[in-house]
Amino acid sequence: QVRLVESGGGLVQVGGSLTLSCLASGYTFSDYAMGWFRQAPGKERQFVASINWNGGIQLYESSVKGRFTISRDNANNTLFLQMNNLNPEDTAVYYCAARTSIAQNMNPSRYDYWGQGTQVTVSS
């Protein structure tokens, strides 16, 4: 079955960087678009970034554009999120998601599979 496992979260100071990874298994990774979402306590799940099947098209939420970079390694079934210049508003549980389409999407309801999440905490 489809399985998504995130890693790379942790505690970082303001202005620091983290790289999240999401290892996918159970399907042909390059067949699906992928996305990163986050959820802070008491808030709804929020779109962060998405990428199409071959990595040629990326979309970003406005507050992370220029600071975060989404990428994928189809040979190794892995999705990445490079996060730079982190601030306290980036604190959340980050989830990777797979969509059974080659086209990326910003709407979490369009994604079919989800990982368990990884906590990112930015301290001021």
Side-chain angles (χ1 to χ4, degrees):
Q1 71 276 21
V2 174
R3 189 171 183 225
L4 303 173
V5 179
E6 301 97 335
S7 61
L11 175 64
V12 64
Q13 291 188 332
V14 170
S17 299
L18 281 175
T19 299
L20 305 183
S21 300
C22 173
L23 180 62
S25 61
Y27 70 103
T28 303
F29 184 64
S30 59
D31 281 352
Y32 292 178
M34 300 293 294
W36 286 100
F37 296 81
R38 65 187 179 186
Q39 189 165 18
K43 295 189 176 181
E44 292 186 352
R45 192 164 295 190
Q46 177 192 28
F47 169 77
V48 175
S50 62
I51 192 166
N52 74 329
W53 71 279
N54 67 356
I57 301 173
Q58 306 95 38
L59 281 181
Y60 296 94
E61 192 269 330
S62 59
S63 71
V64 308
K65 199 168 185 179
R67 299 188 297 123
F68 291 11
T69 302
I70 188 171
S71 62
R72 64 190 297 161
D73 179 353
N74 285 350
N76 290 295
N77 296 344
T78 306
L79 176 72
F80 300 99
L81 185 68
Q82 171 69 43
M83 305 186 295
N84 298 324
N85 194 22
L86 286 160
N87 60 62
E89 290 70 38
D90 296 316
T91 295
V93 177
Y94 283 70
Y95 299 90
C96 73
R99 180 167 186 257
T100 55
S101 167
I102 60 173
Q104 42 74 33
N105 197 288
M106 299 171 63
N107 188 339
S109 69
R110 299 289 188 175
Y111 287 78
D112 302 284
Y113 303 99
W114 293 83
Q116 82 291 348
T118 185
Q119 177 70 48
V120 171
T121 303
V122 184
S123 65
S124 56

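Residues take their numbers from the sequence shown, with the count starting at 1.
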Partners passing side-chain contact (heavy atoms from CB on, under 4.5 Å) against I102 (at least two apart in sequence or in another chain): W53

Within residues 39-59 or reaching into it, pairs that qualify as salt bridge (Lys or Arg N to Asp or Glu O under 4.0 Å) - sequence neighbours excluded: none

Test side-chain contact (heavy atoms from CB on, under 4.5 Å) applied to S7 - qualifying residues, sequence neighbours left out: S21

Gap separating the CG atom of L79 from the OG atom of S71, nearest 0.5 angstrom: 7.0 Å

M83 side, atom CE; L20 side, atom CG - distance, nearest 0.5 Å: 4.0 Å

Contact summary for L86 and L18, nearest pair of heavy atoms: CD1-N, 3.9 Å

Any donor-acceptor N/O pair, E6 side chain to Q116 backbone, under 3.5 Å: yes

For the student: nearest non-hydrogen atoms of P88 and V14, plus distance: CD-CG2, 3.6 Å

Hphob cluster co-occupancy, F47 + V93, side-chain heavy atoms under 4.5 angstrom: yes

Distance in Å, R99 CZ paired with I51 CD1, rounded so as to fall on 0.5 Å steps: 14.5 Å

Donor-acceptor pair, side chain of N85 and main chain of G15, under 3.5 angstrom: no

Rounded distance (nearest 0.5 Å) linking atom OG1 of T19 with atom CG of L81: 8.0 Å

Minimum heavy-atom distance between V48 and V64, given as atom pair plus value: O-CG2, 3.6 Å

S101 side chain vs A103 backbone, donor-acceptor pair below 3.5 Å: yes

Pairs touching residues 32-81 that satisfy disulfide (SG to SG under 2.5 Å), sequence neighbours left out: none

Disulfide (SG to SG under 2.5 Å) pairs, two or more places apart, involving residues 28-59: none

Cation-pi, F80 ring and R72 (6.0 angstrom, 45 degrees): no

Pair listing, disulfide (SG to SG under 2.5 Å) test, anchored in residues 57-87, at least two apart: none

Listed once per pair and sorted, the salt bridge (Lys or Arg N to Asp or Glu O under 4.0 Å) pairs that draw on residues 87-98, sequence neighbours left out: R38-D90, R67-D90

For Q119 against A92, the heavy-atom pair lying closest together: NE2-O, 3.4 Å

Closest non-hydrogen atom pair, Y27 against L4: OH-CD2, 3.9 Å

All pairs passing disulfide (SG to SG under 2.5 Å) where residues 75-121 contributes a residue, at least two apart: C22-C96

With S62 via side-chain contact (heavy atoms from CB on, under 4.5 Å) - residues at least two apart: none

Under 3.5 Å donor-acceptor, N76 side chain and T78 backbone: no

Selection residues 86-124 - residue pairs positive for ring-ring contact (aromatic ring centres under 6.0 Å, His included), sequence neighbours left out: F37-Y111, F37-W114

Qualifying salt bridge (Lys or Arg N to Asp or Glu O under 4.0 Å) pairs with a residue from residues 16-29, counting only residues at least two apart or across chains: none

Whichever hydrophobic residues join L11 through chains of side-chain contacts under 4.5 Å: none

Test side-chain contact (heavy atoms from CB on, under 4.5 Å) applied to T91 and V120, step by step: CA-CA 5 Å; T91 295; V120 171; 5.9 Å; no

Check: T100 main-chain N/O paired with D112 side-chain donor or acceptor under 3.5 Å: yes

Residues S50 and Q104: side-chain donor-acceptor under 3.5 angstrom: yes

Exam field: side chain S17 to backbone N84, donor-acceptor pair closer than 3.5 Å: no

Check: Q13/S123 side-chain N/O donor and acceptor closer than 3.5 Å: no

